[in-house]
Amino acid sequence: MHPVLKLITQRIALGILLLLAASVLIFVGTQILPGDVAQAILGQSATPLAVANLRKAMGLNDPAYVRYFHWLFAAMHGDLGHSLTNGADVATDMTGRMLNTLFLAGTAAVIAVPTAILLGLIAVRYQGRWPDKVITGVTLATVSVPEFLLGYILMFFFAVKFRVAPSVAMINESMSLGAKLHAIMLPVAVMVLVVLGHMMRMTRAAILNVMQSAYIETAELKGVRPFLVIFRHAFPNAISPVVNVVMINLAYLVVGVVVVEVVFVYPGMGQYLVDHVAKRDVPVVQACGLVFAAVYILLNMLADVISILANPRLRHPK
Amino acid sequence: MNDELSYLAARAARGLVSRRAFLGRAAALGVGAVLANGMLATASRAAGPKKGGTLTMGLGGGESTNSLDPALAASQVPFMYLMTAGDRLTDMSPTGEVMPRMAEKVGASADAKVWTFTLRKGMKFHNGAPVTAADVVATMERHSDKNSKSGALGIMTGIESIKANGDDVVFTLTSANADFSALMSDYHLIIQPGGGKDKPDAGIFSGPYKIKSNEPGVRIVLEKFADYWDDSRGHFDTIEMLVINDATARNAALQSGQVQMINSVDPKVADLLKRAPGVTVDAAAGRGHYVFIMRCNVAPFDNNDLRMALKLAIDREEMVKKILNGYGSVGNDFPINAAYPLFDASIPQRKYDPEQAAHYYKKSGHSGPIVLETADGAFPGAVDAAALFQQSAKKAGIDLQIKRDPNDGYWTDVWNKRPFCASYWGGRPVQDQMYSTAYLSTADWNDTAFKDKHFDEIILKARGELDVTKRKALYHDAAMLVRDTGGAIVPMFNDFISAYNDKVAGWSDNANQDMMNGLAGVLTWQA
């Protein structure tokens, strides 16, 4: 077997194992949440009789491990169960939300990744001079401001003051692509600003690391233009760490932006998860957890595979 | 001459002729300005609400777990769309009188045990089916079933039988209840075809708007139901409800004009929001109140002198000012205020009195710290309110210790279990329901563990009493018992604060609930 193929197979097997481990953690986590599901659904206005009726109706009286295996086997067959609170099919409900989240994250990624890498290259080219300082300083500032505050700031200026962008990024199926893109302007801007700094700095650091190598000096000596040296010679050799950090940020765009979704009222996974956690809607929380874990594991696996493929020593074994 | 003027007045009222032009024309016809102005005002009212347009609301209090089943409704967004799309047998007027709705006539037997609701003719459900007495009976059966998960189950106990008789629906109660027709205005008790027994969340009702699309926790679109029987309700063609749970995002959406109306404005920012151009902030006095609950059966709170000491050691005025920013009114240690019918305004207001509090505290013989439990979710500002209470009690020599609990599990593990904690109550349509829910010895939610036989007798007697004067006197006695011997410290009643912009006309307050008792979409029109 080709060593690359072997490595990739190993990674995939490891990924599946990790996912199983995550499923156990998720299940245990939802079991130790404080409060009773039935009580949480009915809130303060719950009579003991109503709570008892609801508990029975939801099958909460079975032992935990039985419920885990039931859940796992059903999930493997694509059946994520029914929401405890409104009885809707979780898989159907979640698909729409997931597509929305992917749309938002995808748009942000399409803008953020090339921008970050380009800015990183520019920062290296003018290392220590003012373009480098401006880029590093500004991106550091946007990373340091909490997402919700960044959201409110953009909302205040662009929605309330100048009225050029909507403050509510609510999209639905009947909207055209253009209308959807208009609606999500502000959340995309926030997400781009949030992930830009991390990726840009990593790109800059990784390339600077390579810039000390002898072959860079050779390239410079033979008179290649400085930017081309960075882009052609240094960057390809820095891909491995850059891909890793890009993937982590992509995963963050999908699973870590709950607050942005809430602030801009975007109908994505984040808001969906928050609502259901508050109501102790265990099947939905478990399904969301599983999907989020899968996204993380998949993207990290992808990063590993790309790093492997980007490494000539692994690609061309002796 | 009069015909021409009336015609002009009507046109002026609709804005087709300017007011100045109308007054000029009137003068030319020999009519004085006073008379002409009067004609214009009358015509404006007669022109009435403008029809058409779209209303977009930004509402907090909605989740993706919301269902279209009225039985399961518990938060603000379901309340709003149910009140917009559904109709009930009766309605509560802003001043607390029972108004006919789907029942055009309501009658009670002399002993208030048999209630007859005569249905209006020609009402239709959104699927085109006529509304029959059988539908009403089935709806009420579903909500009063012992195994029902309905939020209205509590008020539906005590019904012996429900029968249809032509257009009449006849309820026979196990014991007299003079408020029964008011209870029928509860927002869970929306009439559904077949009572919703087959498919409770089908979303088919008989109100002025039908549900066009529903994405729970995101967006609900309703459109005018053409066959609705009452022309005075439902002026917009379309109502769109956007669920915006984040308070800042809600304010921004109103300020940027993306929505025309929002609910649940934070009292802390209400004054700031007022300054935004074209925005009106409305505070309606309501019946909801915040409470500190002492359980009367647990030491040291089993001692009325200690309870009295704590009641006197709280500064209600300060709380209204600091916790509600003035958007509310002081409480008087019983759960009723002027927004309720039959409220007795002559009951003296309890005031902060550290000396008296110290006197009672000494009399109680208690010493050492008293633990007060609170949580962010107990009511908005509950942690701050507890801190204020601690400070004011300190001046009376009472050592309050604050224990802050997590929101998770607060209603399960702390409320109605721990001896002294913060909580809130939403309003109820009538006094009886408030007392029966939380103060009768037999009530499930008697969170103060207040058990007084004499009090129970008064409440049960008042429930069956159809004579208003006698009833009011009974409620006075009940209020005094709770105020002076009960376990609830009621520092404040909170206002419902909503806001709308200049695209909306016809707003009026209703003390029963938030957003004009949920009818904001149904009763307002496009400005």
Side-chain angles (χ1 to χ4, degrees), chain A residues 33-36 38-51 53-54 56-57 83-88 93 96-97 100 148 151-152 155-156 158-161 163 165-174 259 262-267 271-276 278-281 284, chain B residues 56 58 62-69 72 74-75 146-151 153-154 200-201 213 215-219 221 240 242-246 248-259 276 377-378 406-413 415-416 423-426 437 443-445 447:
Chain A
L33 279 175
D36 179 72
Q39 178 81 41
I41 291 171
L42 295 171
Q44 185 232 35
S45 40
T47 56
L49 182 65
V51 172
N53 286 343
L54 201 57
K56 206 163 78 190
S83 156
L84 293 180
T85 42
N86 61 1
D93 262 15
R97 294 297 189 114
N100 282 350
F148 71 92
Y152 288 150
M155 201 187 270
F156 177 73
F158 296 102
V160 176
K161 282 276 164 202
R163 299 202 175 192
S167 68
V168 174
M170 208 172 268
I171 62 166
N172 56 63
E173 279 155 27
S174 61
V259 183
V262 172
V263 164
F264 289 102
V265 202
Y266 187 77
Q271 183 118 50
Y272 185 65
L273 176 63
V274 168
D275 283 354
H276 289 267
K279 291 272 173 178
R280 301 290 181 287
D281 197 336
V284 180
Chain B
T56 311
E63 299 95 22
S64 18
T65 49
N66 292 152
S67 160
L68 287 177
D69 178 1
L72 301 178
S75 48
K146 220 170 54 255
N147 296 317
S148 162
K149 294 172 205 158
S150 173
L153 183 58
D201 58 355
S213 81
E215 292 171 68
V218 180
R219 177 171 173 263
V221 183
E240 192 183 7
L242 307 182
V243 180
I244 309 179
N245 286 321
D246 186 87
T248 314
R250 214 157 49 234
N251 295 343
L254 179 72
Q255 283 175 275
S256 66
Q258 260 193 302
V259 302
N407 288 342
D408 279 340
Y410 190 77
W411 303 119
T412 327
D413 305 329
W415 176 75
N416 214 356
S423 175
Y424 73 95
W425 279 102
T437 311
D444 280 332
W445 298 342
D447 52 10

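Below, chains carry the letters A, B, ... as their sequence lines are ordered, and counting in each starts from 1.
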From A:M170 atom CE to B:T56 atom OG1, the distance as rounded to the nearest 0.5 Å: 10.5 Å

A:Y152 side, atom OH; B:N251 side, atom CG - distance, nearest 0.5 Å: 9.5 Å

Engaged part of B:Q258 at the chain A interface, taking heavy atoms whose separation is under 4.5 Å: side chain

CD on B:Q255 to CE on A:M155, rounded to 0.5 Å: 10.5 Å

Derivation and outcome, side-chain contact (heavy atoms from CB on, under 4.5 Å), residues A:V265 and B:L242: CA-CA 9 Å; A:V265 202; B:L242 307 182; 5.8 Å; no

Minimum heavy-atom distance B:P216-A:R97, with the two atoms named: O-NH2, 3.6 Å

Leading residue by heavy atom contact count with chain B [cutoff under 4.5 Å; candidates A:G96, A:P267, A:P166]: A:P166

Most contacts with chain A, counted as non-hydrogen pairs under 4.5 angstrom, among B:G217, B:G257, B:A249: B:A249

Max heavy-atom pair count under 4.5 Å with chain A, selected residue of B:A253, B:S150, B:A252, B:A276: B:A252

Point-to-point distance, once rounded to the nearest 0.5 Å, from CZ of B:R219 to CG of A:N172: 4.0 Å

Structural part of B:V243 lying under 4.5 Å from a heavy atom of chain A: backbone

